[in-house]
Amino acid sequence: MTYESELDPAAVEIGGFFPHPPALLWRALTEPDLVERWLMRSIGLEPVVGTHFIFAVPTEPSAEIACEVVAARTGEQLTYTWIDLRAKFPARWVVDWMLEAQGRGTRVLLTQTGFDIGDRRQKMARNAMERGWRGTLNRLREVLDEVGS
């Protein structure tokens with residue numbers, strides 16, 4: 001068990017339990033039609049190490065997040081880099097999804113790393129991403145409830 005005081009202040013770490021099997025979580029993380037329902041539209045997403053893909057940010061003007069899959073273990077882990085191409089000073093972050101079967105559901109740990117909290121902009125970005133991911137995980141839960149029933 002990880003205690004709050006042990007968490008990395010330069011990382012976003014959000015865990016939770018989903019009453020859905022790991023296979024369904026994996027589909028929601030890797031199938032473009034499902035990803036679009038809870039996160040955003042992806043272009044070229046495949047859970048294969050070395051795959052480059054884009055997340056299309058639904059803003060005006062539109063923007064893109066450039067990604068590369070750096071780890072993929074079906075039903076267990078999906079890790080990709082995350083670079084916001086619209087940023088004046090783009091940073092390279094890493095988003096890691098860990099899935100672990102637990103009882104009749106799945107324990108999920110989302111970690112986003114690469115923030116330099118010594119830099120004011122990066123610290124603000126880290127805090128904004130944490131708030132954003134919390135809302136995103138709620139949308140993921142809603143999509144899983146719809147697809148899983």
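In what follows, every heavy atom counts, from backbone to side chain, and hydrogens, waters and symmetry copies are set aside.
Nearest approach of T59 to P61, heavy atoms of both residues: OG1-O, 2.8 Å. Nearest heavy atoms, I83 versus R92: CG1-CA, 3.9 Å. The two residues P22 and G75 have their closest heavy-atom pair at CB-O, 3.7 Å. The two atoms that bring G105 and F17 nearest to each other are CA-CZ, 3.6 Å, heavy atoms only. Of all heavy-atom pairs between Q77 and T79, the closest is NE2-OG1, 3.1 Å.
Hydrophobic clustering, with ILVMFWY side chains joined whenever heavy atoms are under 4.5 angstrom apart, groups L137 together with L78. By the criterion of side-chain heavy atoms lying less than 4.5 angstrom apart, applied directly or through intervening Ile, Leu, Val, Met, Phe, Trp or Tyr residues, L99 is grouped together with V147 in one hydrophobic cluster. No continuous path of ILVMFWY side-chain contacts below 4.5 Å connects M124 to W82, so the two sit in separate hydrophobic clusters. Cluster annotation: L25 is connected to I14 through the hydrophobic network of ILVMFWY side chains, with a link wherever side-chain heavy atoms come within less than 4.5 Å. One hydrophobic cluster holds both L24 and L110 under the rule that ILVMFWY side chains link at heavy-atom gaps under 4.5 Å.
Taking the six-membered ring where the residue is Trp, H20 and F18 present tilted rings, their angle falling between 30° and 60°. Ring-plane geometry between W133 and W97 is classed as perpendicular, the angle between the planes exceeding 60 degrees on a 0 to 90 degree scale with a lower cut at 30.
Here the side chain of R86 pairs no donor or acceptor atom with the backbone of E64 at under 3.5 angstrom. A donor-acceptor pair under 3.5 Å is formed between the side chain of T81 and the backbone N or O of E68.
Using a 4.5 Å heavy-atom cutoff, the side chains of D96 and T113 are not in contact. Residues L140 and V108 form no side-chain contact, since every pair of their non-hydrogen atoms from C-beta on lies 4.5 Å or further apart.
A distance of 7.0 Å separates CD1 of I65 from CG of L85, quoted to the nearest 0.5 Å. Atom CZ of R141 is separated from atom CG of L144 by 8.0 Å, given to the nearest 0.5 angstrom.
If you chain together ILVMFWY residues whose side-chain heavy atoms come under 4.5 Å of each other, M98 ends up grouped with L109.
Contacts classified as ring-ring contact (aromatic ring centres under 6.0 Å, His included) and involving residues 98-130 (residues at least two apart or in different chains) are given here: W93-F115.
The environment of CD in Q102 is crowded: more than 12 heavy-atom neighbours from other residues, nucleotides or ligands sit within 6.0 Å. Atom CZ of R73 sits in a crowded spot, with more than 12 heavy atoms from other residues, nucleotides or ligands closer than 6.0 Å.
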Could you go through residues 33-50 and list every donor-acceptor pair under 3.5 Å that involves a side-chain atom there, pairing it with any protein atom two or more places apart or in another chain?
unit_1: R37; atom_1: NH2; unit_2: E146; atom_2: OE1; d: 2.3
unit_1: W38; atom_1: NE1; unit_2: A28; atom_2: O; d: 2.8

